[in-house]
Amino acid sequence: METGGWIMMILSVGTVVSLFGWCLFRVLTLAPEEAEDHLHGELDIETHEKD
Amino acid sequence: MQSSPKPEGWSSRLGVILAVAGSAVGLGNFLRFPGLAAQYGSGAFMIAYFISLVLIGIPICWAEWTMGRYAGQYGFRSSPGIFSVLIKHPMGKYLGALGVIIPVCIYMYYVYIEAWCAGYAWYFLIGKINFTTPDQVSDFFQKFVGSTQDGLVVQRGSNQVVLFLVIVFALNFVIIYRGLSKGIEFFCKWAMPALIFLAIIILLRVLTLGTPDPAKPDQNVLSGLGFMWNPGQVGKELLNPQLWLAAAGQIFFSLSVGFGVIITYASYLTRKDDIVLSGLTASSANEFCEVALGGLITVPAAFMFLGAAGVAGQGTFGLGFNVLPLVFAKMPFPGFFGTVFFTLLFLAAITSSLSMLQPGIAFLEEALGVGRKVSVTLLGALTALGCLFVVNFSKDLKALDTIDFWVGTFLIFVLATILIITFGWIMGVDKGFEEAHQGAHIRIPNAFRFIIKWVSPAFLLIIFALWVLFNVFGWNIDTGQFQPTGYVADLIGQPGKEPNQVARLSLALIGIVVVFTVVLISAASTRWKKKLTGIKAN
């Protein structure tokens, strides 16, 4: 494996691992009420749909 | 008719993210991406790949999440319903029809490939796959999928793939019937971590193989990684339009943008739910699986056992179902690692196929005003007929290939272009950003205002135009001549070659789905208009 190959691999893999790790950290460290409060599919707007 | 008393929705943030990531992570992550990177030389390919990720992948992803959630507040969950909110013109909702047609048509053949993965996992487990020559693997594959003649797989006693197909098809519908949170979300919460765990097992095995055959010292783990990652001639390759097309196409198809899936999933969120961080997390999960796992497993493993000649020129199916079974057969504990790998592919496939059903379910519920039971039954019948068509016309996988080309590639380009233009120009970047930032835990950098309005549509249109030139009109960049490609020749014929009837029938099948969808939208339009007017009046 060439030096360029090592650089490409480390840069590419490092970039996606860092990005995924950072995103996951942000999502998992949200306060529970902050994270789950509104995720229940209730509409904010009452549609009054009858049909 | 009474509306459903309890609206469907997601039960947790992580659940939504895993469901979207599950939709994105598919066979392409582990088979198509590494093959392309190795083919073009990873240096130039990865530069084009990451530029495409920033310029079209993530922007379209955010646009879909935003537009889906926005229209969801008006009670619309299906792509045509969502477009009826986004585009005021009466024709707007018909553009959204693509967000139903695409996932439904793709499901018809994708579930068949999913059955291959399940079949290979099972055959590895029971020790039936233990080949020593490429011909043995190829023969097995052709017989298993029925690619030697039409109708082979539906002939009694000829093959087991139909059994796997029935099981896999039923499993998809059992999960989807359980609903969004109890079905898709619950399944993805287990399947996605399991998929990553299985991929890490395979990765550790590949990276610790050393030199598998002492007689071939040049085929070792480092040379395998080098074959995948050595940069090649970066400057020269970056001038190759085919490389940009391949990289942008990979980003595009890998992230599941332009499928109609993300926009539907996001419509079940409320305005206070974050979509910016969630969208980025789902995209980055896909990139992690693709680059960090897929990029280190398949091609390096294949190179170590078969050398460059065994890997070169293999497409997705070739690498997955012809090359890799041979590679696993040469490893210690072939049954175990073969089973793990094809189970991994099966999980990647089923989390994607589930996502292809939800847009159809949402559309039928909304267009016909029916509940989940009826919509699941109707969609089951429609997709079963389509799947039967694909399986019956299995010679050279012609039906599968034709639908994949015209729907799984061409129409996806069209829908993605419509989506990004709708977000940037019809909804407007300012309103779009304001909407996206409602409830957001991170902010989209301001540079993306310019990117989404100008760069993404332009980049996408250029890539689309190049794709049409190369893959439809058959433009030879060296000679400047045009020779219609096989997909076009199959439909219109060419000197010395009759049109292919299966290809034509496949296009007719797509046409039937289009007509069916358009008729239902037309029938529902008055009710949707009334619903939208009622909401705005309130």
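Everything numeric in this text was worked out from a predicted model, so none of it was measured.
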ask   = How long is the span from the OG atom in B:Ser283 to the CG atom in A:Leu19, to the nearest 0.5 Å?
value = 8.5 Å
ask   = Could you give the distance from CH2 (A:Trp22) to OG (B:Ser284), rounded to the nearest 0.5 Å?
value = 9.5 Å
note = Nearest heavy-atom approach of B:Pro231 to A:Met8 is CB-CG, 4.0 Å
Shortest non-hydrogen separation from B:Trp229 to A:Met1 and the atoms involved = CB-CE, 4.2 Å
Quick one: are [X] and [Y] in side-chain contact, heavy atoms under 4.5 Å?
X: A:Ser12; Y: B:Phe50; value: yes
X: B:Leu14; Y: A:Leu28; value: yes
X: A:Trp6; Y: B:Asn230; value: no

request  = Can you tell which part of B:Ile17 gets under 4.5 Å to a heavy atom of chain A, answering side chain, backbone, both or neither?
outcome  = side chain
task = Counting only heavy atoms closer than 4.5 Å, note whether B:Leu296 contacts chain A via side chain, backbone, both or neither.
result = side chain
ask   = If you tally heavy-atom pairs under 4.5 Å against chain A, which of B:Leu293, B:Asn286, B:Leu222 wins?
value = B:Leu222
message = Please check: side-chain N/O of A:Arg26 versus main-chain N/O of B:His441, any donor-acceptor pairing under 3.5 Å?
response = yes
